[in-house]
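One structure below.
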Amino acid sequence: MSNKVSIVGAGNVGSIVGYSLAMQGLAHEIVLVDRDPDRAKGKALDMSHSASAVRSHSIVSAAKSYKDIEGSKVVVITAGFPRKPGMTREDLLFKNAEIMRDVITNVREYAPDAIVITVSNPLDAMTYTALRVGKYPRNQVIGMAGILDSARMAYFIYEKLGYGAGQIRASVIGGHGDFMVPLPRYSTVAGVPLSDLLTEKEIEEVVERTKHAGAEIVGYLKTGSAYFAPGKSTAIMVEAILRDSKQIHPCAVLLDGEYGVKNVVNGVPVMLGKDGAEKVIEVTLNPCEREQFRKSTEAVEEMINILEDKFFKD
């Protein structure tokens, strides 16, 4: 049975996901779904040419309708509305929840067994929306954030050290945004604890820069946001699912008692395989880390409560 992956949203992030999968030959068939059919066709054709150049067997196509996602093992959702001047946080939340509701309704109809990876922001709230609308078991919907945030932290550690590139393992849990929880205690360079290599002040500087890395990139780009790292991070999740690798990655999932939290989506280490989020890994947190994680959970819970009160009751 061939591996088929569908990507809803052929913008920058969705395109990087498709390109990464095609270059590695991870999926036999990659389908791009976009509200602009011509954009999807053009990008699909360009990616297919790239796959041919590296002799990959991946074929990328543009969907004529959602029916074309039938048989997908994984569906990636990057579709979303960017925040514009004058929009409140709630405006953006409701706008993207509407988009997510429409997408999930179609995904549920045409690819009901697919593992769903959400990338749209606000990430944790959109993951909850997908679960709620689709009435999925919690293993079937996973949000992409922790891999990206951990990669950013790893790079900032490298910048401080000036060595160890490729050997740095950083760990970030919690929500995607200001309330993320970088874990220096679980971060290493070739197995050496970070605390043996950097001072407390240097580690704190890494933590703060990690939290604001997305905004830093937006500040440089002026008219856009990051897409290479988010796209590649998503492709790593897809690979773990397609290969049934059982690798552990930080991802956003619905918690059911783990870390003392129920019915709230938050980022935690998760074992990924063919059935999606197959196991939530509980790491030991010290009092300070537990408090940070609690604040992160409360921030996500606040958005979920707004959705329940004003979106799902409509």
Side-chain angles (χ1 to χ4, degrees), residues 1-33 43-44 47-48 50-61 69 71-78 107 111 113-120 123 127 130 139-155 166-173 176 226-253 267-281:
M1 185 177 178
S2 66
N3 286 335
K4 180 176 180 178
V5 176
S6 293
I7 302 166
V8 182
N12 287 336
V13 175
S15 297
I16 293 295
V17 177
Y19 180 77
S20 295
L21 297 175
M23 290 299 94
Q24 292 178 266
L26 287 171
H28 296 92
E29 187 178 357
I30 301 166
V31 178
L32 304 181
V33 183
K43 291 193 174 186
M47 286 183 212
S48 291
S50 296
S52 292
V54 297
R55 299 182 181 178
S56 163
H57 60 74
S58 296
I59 299 298
V60 189
S61 63
I69 73 171
S72 297
K73 286 189 176 180
V74 180
V75 174
V76 176
I77 302 174
T78 69
V107 171
D113 298 324
I115 304 301
V116 176
I117 297 176
T118 56
V119 188
S120 310
L123 189 280
T127 303
N139 64 290
Q140 205 171 335
V141 180
I142 318 162
M144 189 294 297
I147 295 176
L148 170 62
D149 294 329
S150 297
R152 286 170 169 170
M153 184 177 176
Y155 178 73
Q167 295 180 300
I168 301 171
R169 300 292 179 265
S171 182
V172 179
I173 62 172
H176 184 53
Y227 52 92
F228 287 111
K232 184 59 182 177
S233 297
T234 306
I236 288 170
M237 292 175 65
V238 176
E239 178 179 6
I241 293 165
L242 293 181
R243 294 190 188 279
D244 192 26
S245 68
K246 313 297 186 187
Q247 288 185 337
I248 296 172
H249 292 289
C251 304
V253 294
V268 293
V270 173
M271 184 179 78
L272 296 180
K274 62 182 177 58
D275 294 320
E278 297 186 352
K279 182 180 177 62
V280 172
I281 310 299

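All residue numbers in this chain count up from 1 along the given sequence.
- Listed by chain and residue number, nothing satisfies the side chain to side chain donor-acceptor pair (under 3.5 Å) test with Q140 (two or more places apart in sequence, or in another chain).
- Applying the salt bridge (charged side-chain N to carboxylate O under 4.0 Å, His left out) rule to pairs touching residues 8-25 yields nothing, sequence neighbours excluded.
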Name the atoms and distances for all side-chain donor-acceptor pairs under 3.5 Å in residues 17-27, with sequence neighbours left out.
from : atom 1 : to   : atom 2 : distance (Å)
S20  : OG     : I16  : O      : 2.9
Q24  : OE1    : K232 : NZ     : 3.1

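- Judged as a salt bridge (Lys or Arg N to Asp or Glu O under 4.0 Å), and not counting sequence neighbours, R169 has no contacts.
- Contact annotation: the side chain of V270 never approaches that of I281 to less than 4.5 Å [non-hydrogen atoms, C-beta and beyond].
- Nearest heavy atoms, A44 versus L32: N-CD1, 3.8 Å.
- In this structure, I30 CD1 and S48 OG are separated by 8.0 Å, a value rounded to the nearest 0.5 Å.
- Atom-to-atom distance recorded for H28:NE2 and L242:CG is 10.0 Å, nearest 0.5 angstrom.
- Atom CD1 of residue I77 and atom OG1 of residue T234 lie 11.5 Å apart, to the nearest 0.5 angstrom.
- Judged by distance alone, with hydrogens and angles left aside, the side-chain atoms of D244 form a donor-acceptor pair with the main-chain N or O of K274 at under 3.5 Å.
- Contact detail for A170 and A154: the closest heavy-atom pair is CB-N, 3.7 Å.
- The backbone N or O of L123 sits nowhere less than 3.5 Å from a side-chain atom of H176 that would complete a donor-acceptor pair.
- Annotation: the span from D113 atom CG to D275 atom CG amounts to 10.5 Å, rounded to 0.5 Å.
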(message) If you apply the rule side-chain contact (heavy atoms from CB on, under 4.5 Å), what do you find for I117 with I241, and how did you get there?
(response) CA-CA 10 Å; I117 297 176; I241 293 165; 4.0 Å; yes
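- Put simply, CG on L148 and OG on S233 are 4.5 Å apart, with the number rounded to the nearest 0.5 Å.
- Partners of E278 according to the side chain to side chain donor-acceptor pair (under 3.5 Å) rule, which considers only residues two or more places apart in sequence or in another chain, are K246.
- Contact between S72 and A111 at its shortest, heavy atoms only, is CB-CB, 4.4 Å.
- Nearest heavy atoms, S171 versus M153: O-SD, 4.0 Å.
- Here the side chains of P269 and P250 are not in contact, with every heavy-atom distance at 4.5 Å or above.
- Two residues are said to be in side-chain contact when any heavy atoms from C-beta on lie closer than 4.5 Å; V76 and V238 meet this criterion.
- The closest side-chain heavy-atom distance from V107 to I69 is below 4.5 Å.
- Atom-to-atom distance recorded for T78:OG1 and M144:CE is 10.0 Å, nearest 0.5 angstrom.
- Taking the side chain to side chain donor-acceptor pair (under 3.5 Å) definition, one finds that S15 meets it with K43, sequence neighbours left out.
- Checked by atom type and distance alone, the side chain of T118 never pairs as donor or acceptor with a backbone atom of S120 at under 3.5 Å.
- Closest heavy-atom contact between I142 and C251: CG2-CB, 3.4 Å.
- Residues A277 and V253 come closest through the heavy atom pair CB-CG1, 3.9 Å.
- With a 4.5 Å cut-off on side-chain heavy atoms, V5 and K73 do not count as touching.
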